[in-house]
Each structure stands twice: as C-alpha cells, then as structure tokens.
There are 2 protein chains.
Amino acid sequence: MTEMSSSSPSGTGVPGRIGIGLQMDAIHMKMLEILRENARISVAALAERVGISRASAYTRLDALRADGVIKRFTAEVDHVRAGLGITALLFVTVRQQMWKQFRAQLAQMPEVEYCAITTGQHDAMIQVRMPDVAAVHTLVTERLANIPAVKATETVFILDEVLRRPYVLPSDRRQQPRQNPRKAPAPEQSPRRPSGIDPEGPSTIPLGKMRFVGAAEGRADMHKDDD
Amino acid sequence: MTEMSSSSPSGTGVPGRIGIGLQMDAIHMKMLEILRENARISVAALAERVGISRASAYTRLDALRADGVIKRFTAEVDHVRAGLGITALLFVTVRQQMWKQFRAQLAQMPEVEYCAITTGQHDAMIQVRMPDVAAVHTLVTERLANIPAVKATETVFILDEVLRRPYVLPSDRRQQPRQNPRKAPAPEQSPRRPSGIDPEGPSTIPLGKMRFVGAAEGRADMHKDDD
DNA sequence: GTTGAAATTAGTACGAA
DNA sequence: TTCGTACTAATTTCAAC
C-alpha cells in the first residue's frame with residue numbers, strides 16, 4: 001500500500017510528464033502553498049486567503065484532488081515522540097530483473113517510510129524508522145538480506161534531520177540569498193525557463209571537487225561477485 | 001523555516017528521548033494512524049473510529065498537537081504534476097566547525113525538501129525538487145558550491161519513488177516471530193494483515209556482502225584536499 | 001470522560017454575470 | 001468558468017453531568 005509512482009505510467013520507474021488534465025494557475029499554486037502548511041484549514045478560510053469565492057474554492061480543491069496534484073492530506077508526526085527514535089538510510093544494490101520482487105518485498109515492510117530508485121553507486125535508498133539501532137541491524141541482516149533481490153546493502157544512520165518541508169513547489173523558487181552577489185539568478189516569479197546552463201557564468205569555484213555520479217559508475221565492483 | 005530537530009534539546013543534532021509530557025496510549029496511536037492517512041477527517045468521525053466521545057477526541061487531539069507528537073497537518077502534493085519533475089539527492093561533505101553556517105544556508109534554499117545529517121561517507125544528504133536536470137546542475141555547481149561550509153558534493157538522481165508512507169508509527173511493526181525479543185512494542189489490536197510472502201525465508205544470501213558503514217569510514221579521501 | 005444544545009461551518013444547488 | 005447566495009446537514013464549541 002501507499003504506492004507511489006503515481007505519475008509513472010507503468011512500473012518503469014521514470015517520473016512522467018506534467019499536469020495532464022488540470023491546468024495549474026497561480027491560484028492553484030497558492031492553495032497548495034496554504035494546504036501543505038495547514039491541511040486542516042477550512043475551505044472558507046482557504047477561499048478567503050487565495051481571494052476566490054467559497055464555491056470556487058470547493059471546485060478547485062476537488063480538481064486538485066481529482067487530478068492527483070494533491071495525493072492525500074496527512075499528519076506530520078514526530079517519530080521520536082511517537083516512539084521511533086532511530087532513523088536510518090539503507091542503500092541497496094538490487095539484482096537486475098528482480099525489481100518486481102524487490103518492490104513486493106518493500107510493501108511488506110511497514111517500517112519503511114520512503115524508498116526511491118536512484119542513479120549512482122547503489123540502486124535504491126530506503127529510509128526506515130526504528131526504536132533503536134539494534135532493530136535496524138536486525139532488519140538489515142535478517143530481513144533485507146533475506147530478500148533474494150537484494151545483492152548488497154549499506155547502512156547509514158541519520159544523526160539529525162535539519163529540515164523537512166511539506167513539499168516543495170515551483171513557486172518556492174523566489175528569494176535567493178544576497179550573500180553570493182557574484183551571481184544574480186533572476187528571481188522571477190512566474191515564467192519558468194528551462195534553466196539554461198547560464199552562458200554568462202564563469203564559475204569561480206573549483207568544480208573539480210564536485211562529483212557527478214551517473215547511472216552505473218562505480219557499480220562494477222559490487223557486481224563482480226554476482227556471477 | 002520549517003526547522004526540525006524538534007526533539008533535539010539544542011542544535012547538537014542527536015535525536016533525544018521519547019514522549020516528554022504526554023503519555024501515549026493505544027488510543028493516541030490509533031488517532032495518529034488515522035490522521036496520517038486523512039488529515040482532514042472530522043473530529044467526530046475520528047472519535048467514532050477510535051471509540052471515544054467527540055469531546056475526548058478534541059482533548060486528545062489538542063494534546064497531541066500541544067505535545068508536538070503531531071507537528072503539523074500537511075498536503076502531499078504530486079511534485080511532478082505540480083511542475084517539479086526532477087528529484088535529486090545531494091550528498092555533501094561539510095567542513096567541520098562550519099555546521100552552523102551550513103544550516104543557515106540551507107534555510108535559504110527553498111528547493112530543498114529534506115536535509116539530514118548522516119553517518120557514513122558523507123556528512124549530510126539533501127533532497128531537492130527541480131523542474132529539470134539542468135536546474136539541479138546549476139544548483140549544485142553555482143549555489144551549493146558557493147557555500148564555504150560545503151567541501152564536496154555528490155549528486156544522485158531519483159528515477160522513481162517506490163513508496164512514501166506518511167510517517168511510520170511503532171504500531172506498524174508487524175509481529176516479528178522471534179528476532180527481537182528485547183523490545184516488543186505491543187502492536188495491540190491493529191488488524192495488520194499477514195503478508196503472503198514468507199517473511200522467514202531461508203537465509204541463502206551470504207551476509208559477507210553486507211556493509212555497515214560507520215561514522216567516518218571512507219571519508220579520508222574526501223578530506224585530503226581540504227588542507 | 002461523556003452527553004447535549006447552541007453557534008458555526010461544510011457541502012451542495014442554482015441562477016446570474 | 002466563476003461568483004454569489006441560499007439552504008440543509010454536519011461539525012465545533014461550550015456547558016453541565
């Protein structure tokens with residue numbers, strides 16, 4: 001349950017295209033901004049804050065839900081106070097052609113809060129919440145390791161969660177900090193240009209330190225023991 | 001804004017202890033289970049589903065909010081349909097003694113959805129939502145790289161988000177037959193359907209492939225160019 | 001912790017701009 | 001389409017038990 005990939009047509013995994021059906025406008029965006037911070041706001045108050053009538057607010061809210069822009073309204077609970085004080089990231093390497101089984105197994109693990117398929121050294125990242133570190137270790141060695149689709153894992157603990165935003169929206173890209181005056185990346189508000197490589201920008205930062213990890217780089221060493 | 005560490009006493013970063021103030025019971029848990037899946041449910045319906053009166057439901061809901069167990073009610077929006085089709089993970093190595101500056105810079109980056117301090121090869125993991133891959137590249141090379149606290153980064157793209165659960169609760173932990181008898185968080189009467197897939201499959205996977213990455217392992221090579 | 005009544009709000013329908 | 005209004009059902013608040 002709680003499957004994602006709502007925008008993926010099939011199980012292929014690549015996020016699909018944008019906004020079929022509903023034509024998002026500034027009012028829709030504003031509604032999203034308000035709702036992600038207070039999902040229990042009354043429709044009347046929502047209508048007033050975005051400056052439309054109450055009836056229109058109902059219509060638009062229904063449209064947002066029906067079109068899948070809003071997937072659900074949820075409560076953000078403090079996992080620590082709820083009794084799950086340990087958060088870990090499990091990076092797993094998945095045997096090819098066993099993805100379907102891997103996904104099926106994940107659905108059976110309720111302690112998994114998030115799972116994403118990634119490029120890079122590993123194939124997937126799983127975030128779990130557990131009561132203690134021993135439980136994480138048990139989970140990894142006794143349950144994850146028993147999944148045939150899992151070839152290798154790497155465990156990393158989360159020491160602190162600095163910030164979690166209810167969900168980023170395009171309209172968030174506005175204010176830029178002033179402390180990098182060498183570059184003023186056009187704080188626009190509505191039109192979204194395809195973020196060109198910014199031809200004018202000679203970077204003064206040594207980019208040699210930056211590593212861009214593609215789809216299969218560095219994975220060979222983990223595959224070598226698979227045959 | 002949207003700072004986390006609500007359970008950390010200061011900015012030290014280590015998640016703190018559990019449930020100060022409020023004594024969680026089975027009814028509180030059940031309310032959380034319901035609210036994380038439908039934050040807009042009426043209190044009357046919530047009261048009926050957990051089997052208490054409405055007034056009690058109001059009282060308990062207020063308590064959950066006041067105690068911080070429920071941090072907020074939010075809307076899960078489909079970022080793809082909202083216009084941010086690309087999700088990336090940025091693993092960054094942070095210069096020691098510059099953590100405070102690093103956190104301050106993060107607060108200025110609205111495209112950041114999540115940031116956690118981790119053990120392992122890197123120091124922090126940042127999840128960003130962007131309209132396209134070029135925007136990610138621009139963000140990494142021109143904004144992240146300009147932060148003095150950032151020593152190195154590694155970018156990984158998310159190809160698919162397999163699942164996201166609104167927030168894991170202790171009651172999610174299905175009954176484990178035998179593997180962790182030291183902690184048994186009493187799943188009570190939650191009707192958790194047993195999966196058809198055998199959880200205790202034969203351990204045919206060599207555990208030697210499992211890597212457990214501690215706090216500083218493998219980090220030396222990224223620090224070598226810092227002096 | 002529970003009930004019940006008053007005040008408020010939600011949800012829907014319909015006509016008009 | 002969107003808005004404004006009216007109307008009924010449902011919810012929240014507050015009181016007393």
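So you know, we letter chains A, B, ... as the sequences are listed, proteins then strands, and number each from 1.
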Nucleic acid contacts - residues 49-58 of chain B versus DNA chain C, non-hydrogen atoms under 4.0 Å = B:Ile52, B:Ser53, B:Ala55, B:Ser56
Taking only residues two or more places apart in sequence, or in another chain, which ones meet A:Ala57 in a side chain to side chain contact (heavy atoms under 4.5 Å, CB included)?
-> A:Val43, A:Ala47, A:Ile52
Can you tell me how far P of D:dT2 sits from CG of A:Asp62, to the nearest Å?
-> 12 Å
Could you check how far CZ of A:Arg60 sits from P of C:dG11, rounded to whole Å?
-> 18 Å
Identify, with sequence neighbours excluded, every residue that meets ring-ring contact (aromatic ring centres under 6.0 Å, His included) alongside B:Phe91.
-> A:Phe91, B:His122
Contacts of B:Arg54 meeting salt bridge (Lys or Arg N to Asp or Glu O under 4.0 Å) (sequence neighbours excluded), chain-then-number -> none
Could you state the atom-to-atom distance from CZ of A:Arg40 to P of D:dT11 in whole Å?
-> 11 Å
Between A:Thr59 and B:Val43, which has a closest nucleotide on DNA chain D that is more 5'?
-> A:Thr59
Pairs involving residues 43-53 of chain A, ordered by first then second residue, that meet side-chain hydrogen bond (donor to acceptor under 3.5 Å, both in side chains) (sequence neighbours left out) | A:Ser53-A:Ser56
B:Ile41 CD1 to D:dA10 C1', straight-line distance once rounded to whole Å = 14 Å
Whole-Å distance separating the CD atom of B:Glu48 from the P atom of C:dT3 = 12 Å
Side chain to side chain donor-acceptor pair (under 3.5 Å) partners of A:Thr74, counting only residues at least two apart = none
Ion pair check, A:Glu76 and A:Arg81, cut-off under 4.0 Å | no
